Amino acid sequence: MNARIRVGIAGTGSYVPERVVPNSHFEQFLDTSDEWIVQRTGIQARRFAAEGQATVDMAVQASQRALEMAKVRPEELDLIVCGTLTPDYLLPAAATIVQSKLGATRAGAFDCNAACSGFLTSFSTAEAFIASGRARKVLAIGAETLSRWLDYKDRGSCILFGDGAGAAVLTPLEDCQQGEILRTTLGADGSGYELIHMKGSGSLIPPTPDSLARGDHFIRVQGREVFRFAVDRMGRLIEEMMEGHTYDEVCLVVPHQVNRRIIDAALERMGWNDEKVMVNIQHYGNTSAASVPVALDEAVRAGRCQKGKLVILVAFGAGLTWGASLIRW
Ligand code: UT7
C-alpha cells in the first residue's frame with residue numbers, strides 16, 4: 001500500500017442569501033416570540049433564499065470564493081462532493097450542476113446526504129480521495145435550502161432553520177502548506193432515523209395530493225430527544241479529537257450551529273469556556289450541512305484559525321449521523 005498523502009485545506013468560501021428573516025417574522029402568524037426563540041436557541045435571524053434561488057446557486061457562489069482563496073482554477077479540480085439534503089432536484093445530483101456552472105471540466109461529481117453532518121461527510125470523502133492518491137484537488141461543499149421544506153404552522157421546527165452554503169478546497173499539504181487534516185471520524189446510528197425526518201419525500205411515500213395535504217414532506221424534529229443526544233455526542237466527539245492534545249493547543253472549535261444551548265452544554269461538559277468556539281447561529285439559524293463550512297469560512301476570514309494551532313470541526317444530524325475532524329492550521 002502507498003504511504004498516506006498528507007492533506008491540507010487550501011481555501012474556504014461561503015455564501016448566505018440576502019434576505020434576512022428576523023424572529024419577529026414568525027410572531028406574525030405563530031404563537032411564538034422573539035424572546036422565546038432567542039432564549040431557547042440563540043437564534044435572532046436566519047437567511048432565506050430568494051424566489052428562483054436554490055442550493056446549486058448558493059453552492060456555486062461559496063465554491064467560487066473557496067477556489068479564489070485556494071488559488072485553484074475550476075478545471076484543476078478532480079472531484080466535487082456536495083453534502084446536502086435539499087438538492088435542487090432529487091435527480092440529478094446538485095454536485096453535477098455545480099460542476100457544470102463552475103466549469104470544472106475534469107471533475108467527477110456526486111452528492112452525499114448525511115443531513116447536518118453533510119459537510120463533515122463531503123470533507124472526509126475529499127480527504128480520503130487525496131490521502132489515497134486518487135485525486136489531488138477536491139471541492140467539498142455543504143449547501144441547503146431548508147426554507148422550502150419547513151412547515152410554517154409548526155413552531156417547534158420552522159423557527160430553527162435557514163439557508164446557505166459553504167465550501168472548502170482540499171489539496172495535498174505540500175501544495176497548500178496549511179490546514180493539515182490530522183484526523184476525521186464519521187459515525188451513524190440509524191435506529192434514530194425518525195427523530196429528524198422528512199417522511200414523505202422519497203420512494204416509500206412519494207409525493208401525492210394526500211401526502212402533500214398531510215405535510216408529510218416537511219422536516220419534523222423531536223427536539224427534546226435530539227437535544228439530549230446532541231449534547232452527549234458533541235462532547236464525546238470533541239474528546240475523541242482531543243486525545244493526545246491539550247486545551248492550549250486549540251485555537252477554535254467550529255460546531256454545528258444547531259442551538260446555542262446545545263453548544264454551551266457540550267462545552268461545559270468539557271470544562272471549556274466559549275472564547276475558543278465559533279458561533280454564528282444568531283445570524284443564520286441552523287443551516288444543516290452548510291452550518292460548519294459557513295462558520296469555518298467566517299472564522300478563517302476573521303483570522304480566528306491561527307497557524308500551527310488546532311481547529312476542531314464537529315457535527316451531528318439526522319440519521320442519526322455524526323462527524324468530526326482535527327486540523328492543524
Ligand atoms: O440539526 C438537527 C435538527 N435540530 C434539532 O433537532 C433541534 C434540537 N432541539 C432543540 O434545539 C430544542 O429542543 C428546541 C429549540 C427545538 C426546543 O427547545 P426545548 O427547550 O427543548 O423546548 P421543548 O421542546 O421542551 O418545549 C418547551 C415548550 C413547549 O410547551 P409546553 O409543552 O411546555 O407547554 C413547546 O410547545 O415550548 C413550546 N415551544 C415554543 N414556544 C414558543 C416549542 N416551540 C416554541 C416556539 N415558541 N417556537
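These values consider heavy atoms only, across backbone and side chains, with no hydrogens, waters or symmetry-generated copies. The structure displayed is predicted, hence computed values, not measured ones. FYI, the numbering just counts along the sequence from 1.
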Criterion side chain to side chain contact (heavy atoms under 4.5 Å, CB included) on Val226 and Ile262, from CA distance to verdict: CA-CA 10 Å; Val226 176; Ile262 292 177; 5.6 Å; no
Between [Y] and [X], is there a side-chain heavy-atom distance shorter than 4.5 Å?
| X | Y | answer |
| --- | --- | --- |
| Ser291 | Val258 | no |
| Phe123 | Leu296 | no |
| Thr185 | Leu237 | yes |
| Arg236 | Met241 | no |
| Tyr89 | Pro92 | yes |
| Arg65 | Arg301 | yes |
| Phe110 | Thr125 | yes |

Side-chain donor/acceptor of Thr41 to backbone N/O of Ile37, under 3.5 Å: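 Yes; judged by distance alone, with no hydrogens or angles, the pair exists.
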Sequence neighbours excluded, every pair satisfying side-chain hydrogen bond (donor to acceptor under 3.5 Å, both in side chains) that has a member inside residues 261-270: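 Counting only pairs at least two positions apart or across chains, the side-chain hydrogen bond (donor to acceptor under 3.5 Å, both in side chains) contacts touching residues 261-270 are Asp232-Arg269, Arg260-Asp264.
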Residues that Asp88 engages under side chain to side chain contact (heavy atoms under 4.5 Å, CB included), provided they are two or more places apart: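 In terms of side chain to side chain contact (heavy atoms under 4.5 Å, CB included), with neighbours along the sequence ignored, Asp88 is linked to Ala54, Thr55, Val56.
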Exercise: do Tyr284 and Glu298 side chains pair donor with acceptor under 3.5 Å: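 Short answer, yes.
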Is the closest basic N to carboxylate O distance between [X] and [Y] below 4.0 Å?
| X | Y | result |
| --- | --- | --- |
| Lys137 | Glu76 | yes |
| Asp216 | Arg214 | yes |
| Arg220 | Asp151 | yes |
| Glu27 | Arg155 | no |

Side chain to side chain donor-acceptor pair (under 3.5 Å) involving Ser203 - partner list, sequence neighbours excluded: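 In terms of side chain to side chain donor-acceptor pair (under 3.5 Å), with neighbours along the sequence ignored, Ser203 is linked to no residue.
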Side chain to side chain donor-acceptor pair (under 3.5 Å) partners for Asn113, two or more places apart: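 With sequence neighbours excluded, Asn113 shows a side chain to side chain donor-acceptor pair (under 3.5 Å) to no residue whatsoever.
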Qualifying residue for side chain to side chain contact (heavy atoms under 4.5 Å, CB included) with Arg47, from Val16, Thr287, Val294, Val21: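 It is Val16; the other options fail the test.
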Residue list, ring pair (Phe, Tyr, Trp, His ring centres under 6.0 Å) with Trp329, at least two apart or on another chain: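 Scan of Trp329 (ring pair (Phe, Tyr, Trp, His ring centres under 6.0 Å), adjacent residues dropped) gives none.
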Lys276/Arg304 under side chain to side chain contact (heavy atoms under 4.5 Å, CB included): CA gap, chis, key distance, verdict: CA-CA 9 Å; Lys276 292 187 181 181; Arg304 293 190 67 185; 6.0 Å; no
Salt bridge (charged side-chain N to carboxylate O under 4.0 Å, His left out) partners for Asp248, two or more places apart: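 Salt bridge (charged side-chain N to carboxylate O under 4.0 Å, His left out) list for Asp248, sorted by chain: empty.
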Mutual orientation of the aromatic rings belonging to Trp322 and Phe229 [parallel < 30°, tilted 30-60°, perpendicular > 60°]: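 Aromatic pair Trp322/Phe229 classed tilted.
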Tyr247-Trp272 aromatic ring centre distance below 6.0 Å: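 Yes, they do, as the ring centres are separated by less than 6.0 Å.
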